[in-house]
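Take a look at the structure set out below.
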Amino acid sequence: MAERRRLLSLAFRMMGTLADAEDVVQETYVRWYRLEPEERDTISTPAAWLMRVASRISLDLLGSARARRETYVGQWLPEPVPADLFADTAKAPLNSSHLAADPLDRVTLDDAVSMALLTVLEAMTLALASDSACT
């Protein structure tokens with residue numbers, strides 16, 4: 001279970017939606033627990049095995065007929081994701097003073113604000129469209 005965030009991060013980057021990423025992670029763990037204990041003991045690096053299986057499941061889903069049938073009509077907006085969801089997937093900086101001055105933190109904050117703005121604008125557009133349809 002210690003690898004769950006890392007697996008979710010990988011699957012999210014590959015699949016594009018949090019729901020599909022969670023499905024991939026669940027299927028990965030199902031395959032892990034289906035292995036016999038002796039088979040699990042032969043795996044020298046379980047984290048690498050889990051990452052490999054998750055990436056293969058993701059690739060299989062992306063190439064499936066279901067993925068090819070689904071087409072999205074309309075403007076694409078990235079799925080909002082909680083900011084701390086993938087917090088532990090990268091190595092932490094060695095000193096904490098570096099954390100406050102990290103330019104990447106600023107970029108992440110800018111992305112979060114942009115996502116919030118896009119979500120609000122989309123909600124306003126839908127509300128305005130439904131109000132004009134009623135009149």
A54: what forms a side chain to side chain contact (heavy atoms under 4.5 Å, CB included) with it, not counting sequence neighbours? L7, L10, V24, T28
Is there a donor-acceptor pair closer than 3.5 Å between any side-chain N or O of S9 and the backbone N or O of R5? no
Applying side chain to side chain contact (heavy atoms under 4.5 Å, CB included), can you list everything that pairs with Q26, at least two apart in sequence or on another chain? R4
Closest non-hydrogen atom pair, M14 against L62: O-CD1, 3.5 Å
Distance check, rounded to the nearest 0.5 Å: M15 atom CE versus L59 atom CG? 9.0 Å
Say whether V30 and W49 are linked into one hydrophobic cluster, either directly or through other cluster members, by side-chain heavy-atom distances under 4.5 angstrom. no
Side-chain atoms of residues 39-47: list all donor-acceptor pairs with protein atoms under 3.5 Å, sequence neighbours left out, distances to 0.1 Å.
from : atom 1 : to  : atom 2 : distance (Å)
E39  : OE1    : E36 : N      : 2.8
R40  : NE     : W32 : O      : 3.2
R40  : NH2    : Y33 : O      : 3.3
R40  : NH2    : L35 : O      : 3.0
T42  : OG1    : E39 : O      : 2.6

Residue pairs involving residues 23-34 (criterion salt bridge (Lys or Arg N to Asp or Glu O under 4.0 Å); sequence neighbours excluded): E27-R31
dist L50:CG -> Y29:OH (nearest 0.5 Å) comes out at 5.5 Å
